[in-house]
Amino acid sequence: MDKLGYFEICGLPLWKSAGLTMIVLTLGVGSYMQDVKGLWQSVLGELEMSVSEAHFKTWLKPTFIVSSEDGHIIVGVPNIFNKKRLETNYHADIKSLLTRLDSAIQTVEYKIVGKGPAGATMENASAPLRPAKRTEPTARREAPPRRGEQIAIPTSATAPQSNLNPRYTFENFVVGSSNDFAHAACQAVAKSPGTKYNPLFIYGGVGLGKTHLMQAVGNEIIRRDASKRVEYVTIEGFTNEFINSISKKKNESFVEKYRNVDVLIIDDMQFLAGKEKTQDEFFHTFNALHQTNKQIIISSDKPPKQLVMLEDRLISRFEMGITVDIQSPDLETRSAIIQSKATRMGIVLPLEVVDYIARHAQSNIRELEGTLTKVLADLDHNGGEPTLARLQHLLAADVASRPKLRPISPKTIIDRVAAYFDLAAADICGTKRDKEIVVPRQVTMYLMREELGLSFPKIAAAVGGRDHTTAMHSVSKIEKLVETDDNLRGDIGAIRERLNAAIV
Amino acid sequence: MRLSLTQENLSRALASVGRVVSTRASLPVLANVLLATDGNRLRLSATNLEIGINYWIGSKVEEQGSLTVPARLFAEFVSSLPHGNIELHGLDSVLTVKSPHYESKINGISAEEFPLIPTLTSDPALTLDAVIFRDALAQVVVAASADEARPVLAGVYMYIEDESLFIVATDSYRLAEKRIELPQGAPKEFSVLVPARTMQELVKLLGDAEGDVEVYVDENQVMFRIADVEVVSRLIEGQFPPYRRIIPESAETSFDIATAELARITKVASLFARESAGSIRLEIKSEGEVSVVSNDSEVGGNKSSAECEVNGEDGEISLNARYLTDALAAVKSPMVTVAISGKLSPCVISPAGENATDDYLHIVMPLRT
């Protein structure tokens, strides 16, 4: 018998064998999982004294306790041979030893488990001391490509990590007239990155799906070729990393990271405004990638020309590829989005309900999702059927709560609309009947109704003391137009954003 | 234990089970083969605790019993005996082997010490034709990794999809996939990752076997039963990489050529590629010629060409000669199609010609140039 072996297994300093009794006693008093390991070590220790070393090493040493509950112990074994051996040759001894050490134990079961917990066996315990195995991803990054180097199949273990959200795919992007061009351009880029449209510049208001589309491109490129390195970053993240790299004097790793990607996706480009050093760095990154035909995808809330705070050399580069916009979705698209989302959540909504939500949430998809989630949460919580009446009730509370959250005055609306259309507030409230003024005036009244819930006489009074029927007519006209006219809907969306921004 | 059997049967059985005997086990009995009577048959068993084999042979049993003897000595001894009947007599742990003019005693170890090689008793998860299965495994197992550092790549992945059994292996530099169409009524769901070493043994064991192979799966174990042989192995835990997406759907350049011809010029070129770790370059001319080029500063260089049928534009790619040779041997078709798309995309080798099937493909990743 190998005494030292026993003490190693117990993980204890060199004791005399009387020490075993002491451990046993403590174990008897102490209770479970904490002591389970010690318990098993005691069992193994005793068994080692009665079986040959070779047998012990082969059959007993690579075992450990998986669980111990209600007097039922599960012993993990490495393979079927050990399992059979323990069951047929050692079970009686193991059982009686366990019962002696802890009278609560009644049954013992053996289960094949791939790997024991760290430290369960001596082999495992010493494992961390071995030199770490070379892992593929780091090797890929550290070693520059050599001539004659064997290219590996990108398996999940070796594939470069991307920070894309896998939920964003083309399959679950609802295409409508407001975004079909952007969608087509993105698909073309996904099919042949770096060649067709480079850079791809997507702009549009908040919550219209820019991020979804861009990430869908990235996910699709990886799906087609898992070895492609796709990096998604918001310009804010890019800026922070850049600043960190400078302060930590690790600029090389920053440069290395962004200039060795196959596809670079930059979100919210408008926030680069006014950051000169970062603009400079981004300019060089852009050039390095563009010259080697690496795809660049950029999103912003405005087209390149309107990013006035950016350097001209950047803006001109953004316009080298293709610029596409995403508009607010029209009614059909919104309905389709609601349908698609509800279906994915496994809920069938009546058409009228879909229609109502689509009409209720106009400005962006995030709002649409929010409304839908609210409806679904209510269904989930209170049960029953999704009916229109119930929905109206639910959303009425929502509308009523808005004015409190958004203390916008009629005056603010007039100012914002006027500013948006490059008019004076006096024009809105004036009497001129030019088309350029009439529509903004009607939009103003529409927004007063929608955003503030004002009565028609109040609206009429606020916009230069008109008749309340004029207000009614204006509001209903815009209500209709908004469903069909993409441009107008875009305008209204933009004004709404500014209104909300005004509060903050 | 007392029985008699033919030298031929015993020798063949020992050669088969002997392959899994542990050579350096800490437990001496694992270097032994178990002989145990089982009704009118003799069962031979061996295991290295990763794979276990039970092998039954017909014999005339006079007295039941069992014991173990050193596998290597016993196998070598039996194979040197003349054809004809052999008598085995086991008493305590000593085996007496008698045949005309020969008699020897071999000291063994009690059968008690030998691990039980379990027979999985569930219903078979899958039944396959032995010849088809053997050929399919042989075509795939070559691509598995010999390195255990990444266990899933040291395995052969088998799964059922669309009424076909797919058998796949990859060491991340090449990949082989074979599809076997299953008869109606075959199971719809099945997926196991079997150690490549088990599959290599299985290919040899299936040798000239006929009939069916039954596959049993239970508790991290897989068992293959072929007539009188059972192979039990652990399964590999883990997820096989989602390999499908690396299979190119189209190619810029492809050519059809006699497999032997391409293998020959590859062999010639590889003689000059030893210094560059087997790096050879395929140059395809759209007029209908493929050249295998190797440059070796020390010994010189070589360019061997062959006529072939080319589809698409000119193309070239650098490959490891050994991987290409392996692929050409594994494709098991007189003609092959080699398809590439540029220097850095996977090279696909698949059967070609009139009777070619589309159930096999072998991918070799290029060398960077």
Side-chain angles (χ1 to χ4, degrees), chain A residues 51-62 76-89 109-115 130 132-136 139-140 143-159 191 219-228 262, chain B residues 25-30 47-50 52 112-118 120 149-153 170-175 218-221 223 232-243 245-246 248-249 276-279 318-320 323 343-346 363-369:
Chain A
V51 304
S52 81
E53 188 189 343
H55 276 100
F56 181 80
K57 275 191 176 159
T58 310
W59 303 124
L60 295 163
K61 207 169 163 188
V77 296
N79 58 53
I80 190 98
F81 306 104
N82 286 55
K83 178 179 157 146
K84 294 287 174 195
R85 193 71 188 178
L86 260 61
E87 280 173 356
T88 48
N89 292 60
E109 188 190 335
Y110 306 94
K111 198 172 175 185
I112 301 166
V113 180
K115 227 179 228 170
R130 286 185 212 131
K133 290 233 163 62
R134 188 177 67 105
T135 53
E136 287 294 326
R140 273 171 69 97
R146 293 191 316 274
R147 196 171 166 276
E149 178 200 27
Q150 174 70 55
I151 300 175
I153 292 174
T155 58
S156 59
T158 59
K191 267 185 203 136
N219 280 321
E220 178 69 14
I221 289 172
I222 291 177
R223 197 185 66 78
R224 285 164 178 269
D225 179 355
S227 68
K228 285 271 196 283
D262 295 302
Chain B
S26 55
L27 193 62
V29 78
L30 293 180
T47 180
N48 56 14
L49 297 188
E50 182 163 295
E112 290 283 293
E113 304 271 301
F114 199 79
L116 192 68
I117 298 174
L120 302 189
R150 288 171 63 197
V152 295
L153 299 187
T170 177
D171 63 3
S172 90
Y173 303 120
R174 60 233 176 113
L175 178 147
D218 186 26
E219 206 189 358
N220 295 328
Q221 304 293 313
M223 183 179 90
V232 180
S233 161
R234 71 182 171 95
L235 289 173
I236 298 173
E237 288 173 56
Q239 195 79 38
F240 197 76
Y243 70 95
R245 57 186 174 194
I246 72 125
E249 281 162 19
S276 56
S279 169
S318 288
L319 299 172
N320 183 320
Y323 292 164
K343 290 178 182 177
L344 299 180
S345 296
I363 288 175
V364 177
M365 295 300 284
L367 296 164
R368 211 179 282 277
T369 49

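Chain naming here is simple, since letters A, B, ... match the order of the sequence lines and numbering starts at 1 in each. Only a predicted model underlies this, so the values are computations on that prediction, with no experimental measurement involved.
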Using non-hydrogen atoms only, which part of B:T47 is less than 4.5 Å away from chain A: side chain, backbone, both, or neither?
side chain
I'd like to know which of B:V152, B:L175, B:L49 tops the heavy-atom pair count under 4.5 Å against chain A.
B:L49
Going by heavy atoms in the side chains, are B:P346 and A:I151 under 4.5 Å from each other?
no
If one checks every heavy atom of A:R85 against chain B at 4.5 Å, the contacting part turns out to be side chain
Return yes if some donor-acceptor pair links the side-chain N/O of A:N219 with the main-chain N/O of A:I222 below 3.5 Å, else return no.
no
With a 3.5 Å distance limit and no angle check, can you tell me whether A:N82 reaches the backbone of A:T58 through a side-chain donor-acceptor pair?
yes
Residue A:K83 versus chain B: region with a heavy atom under 4.5 Å:
side chain
Give a yes or no on this: more than 12 heavy atoms of other residues, nucleotides or ligands lie within 6.0 Å of atom CD of B:E112.
no
Where on B:E249 is there a heavy atom nearer than 4.5 Å to chain A: the side chain, the backbone, both, or neither?
neither
Using heavy-atom distances under 4.5 Å, tell me whether B:I236 contacts chain A through its side chain, its backbone, both, or neither.
neither
CD1 (B:I117) and CD1 (A:I80) are apart, to the nearest 0.5 Å, by 11.5 Å
